[in-house]
Amino acid sequence: MAAEDRRLAAEEAAYEEQQAEQERLTDFFEHAGIKAALWPAFMQLVCSASGKDVTCGNQSPAHGNGLLLYSRPCPGAAFQLAGVVCPDPSALARWPANLTILVPGRAWLLRIEEAAQNPLKVAVLDPATKHCAYERVGPRTAALT
């Protein structure tokens with residue numbers, strides 16, 4: 001019985017932690033147009049695709065109000081900035097070439113492609129379809145006439 005009580009307490013604590021994280025990210029969800037209910041699936045895709053421990057930071061005005069994601073290469077190592085989820089495309093003018101942009105679908109990818117002024121790495125992680133794709137996008141060139 002004690003083991004069952006501990007299991008239930010752990011499940012409740014995990015649920016409360018998830019609810020607190022969702023509440024913390026409310027402004028980001030609004031900015032990104034992401035449904036809060038899809039966030040756990042998105043983060044599961046991020047973890048699966050990277051194969052690393054991943055944690056969310058805060059929205060970063062310096063990164064177009066995108067959500068900072070940190071990863072660590074192995075247990076015990078320090079977390080390091082690994083990517084930014086859904087930065088405002090207007091922030092891409094001086095985007096670091098090695099900093100991955102993560103987006104939840106093709107619509108966001110198109111916004112990033114249209115604004116790209118430098119080569120960018122974009123991970124498209126669709127939480128609805130569970131499909132992952134990695135894209136390299138760069139500045140669009142005007143068609144020659």
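Numbers for residues simply follow the sequence, beginning at 1. Small disclaimer: the values here were computed from a predicted structure and weren't measured.
No donor-acceptor pair closer than 3.5 Å links the side chain of Glu135 to the backbone N or O of Val122. Side-chain atoms of Gln59 never come within 3.5 Å of backbone atoms of Gly66 as a donor-acceptor pair (strictly under, hydrogens ignored). Under the 3.5 Å distance criterion, the side-chain polar atoms of His31 are matched with a main-chain donor or acceptor of Cys86. Within the 3.5 Å criterion, the main-chain N or O of Ala36 finds a donor-acceptor partner in the side chain of Gln22.
For Asp53, the salt bridge (charged side-chain N to carboxylate O under 4.0 Å, His left out) partners two or more places apart in sequence, or in a different chain, are Arg72. Residues that satisfy the salt bridge (charged side-chain N to carboxylate O under 4.0 Å, His left out) test with Arg7, not counting sequence neighbours, are Glu4, Glu11. Residues forming a side-chain hydrogen bond (donor to acceptor under 3.5 Å, both in side chains) with Glu16 (at least two apart in sequence, or on another chain): none.
Residue pairs satisfying the side-chain hydrogen bond (donor to acceptor under 3.5 Å, both in side chains) criterion with at least one member in residues 86-100, sequence neighbours excluded, are listed as follows: Asp88-Ser90. Annotation: salt bridge (Lys or Arg N to Asp or Glu O under 4.0 Å) contacts involving residues 20-44, sequence neighbours excluded, comprise Glu21-Arg24.
Between Glu113 and Arg106 no salt bridge is recorded (no basic side-chain N to carboxylate O distance below 4.0 Å).
Between Asn118 and Leu92 the shortest heavy-atom distance is ND2-O, 4.0 Å. Among all heavy-atom pairs drawn from Pro73 and Ala78, the shortest one is CD-O, 4.2 Å. Across all their heavy atoms, Pro87 and Trp108 have their closest contact at O-CZ3, 3.2 Å. Taking each heavy atom of Lys52 and Ser71 in turn, the nearest pair found is CD-OG, 3.9 Å.
Neither Val137 nor Leu102 shares a network with the other; the hydrophobic side chains, linked directly or stepwise wherever heavy atoms of I, L, V, M, F, W or Y lie under 4.5 Å apart, form separate groups for each. Each of Val46 and Leu109 belongs to its own hydrophobic cluster when Ile, Leu, Val, Met, Phe, Trp and Tyr are linked at side-chain heavy-atom distances under 4.5 angstrom. No chain of hydrophobic side-chain contacts below 4.5 Å, direct or via other Ile, Leu, Val, Met, Phe, Trp or Tyr residues, connects Phe28 to Leu81. A single hydrophobic cluster is seen to contain both Leu68 and Leu120, as judged by linkage of ILVMFWY side chains at heavy-atom distances under 4.5 Å, directly or through other members.
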Verdict with supporting geometry, Leu67 and Asn58, side chain to side chain contact (heavy atoms under 4.5 Å, CB included): CA-CA 6 Å; Leu67 186 70; Asn58 294 316; 5.5 Å; no
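When each of Leu69, Thr55, Val54 is paired with Phe79, the side-chain contact (heavy atoms from CB on, under 4.5 Å) condition holds for Thr55 and for no other.
In the hydrophobic clustering, where aliphatic and aromatic side chains (Ile, Leu, Val, Met, Phe, Trp, Tyr) are joined below 4.5 Å either directly or transitively, Leu38 stands alone.
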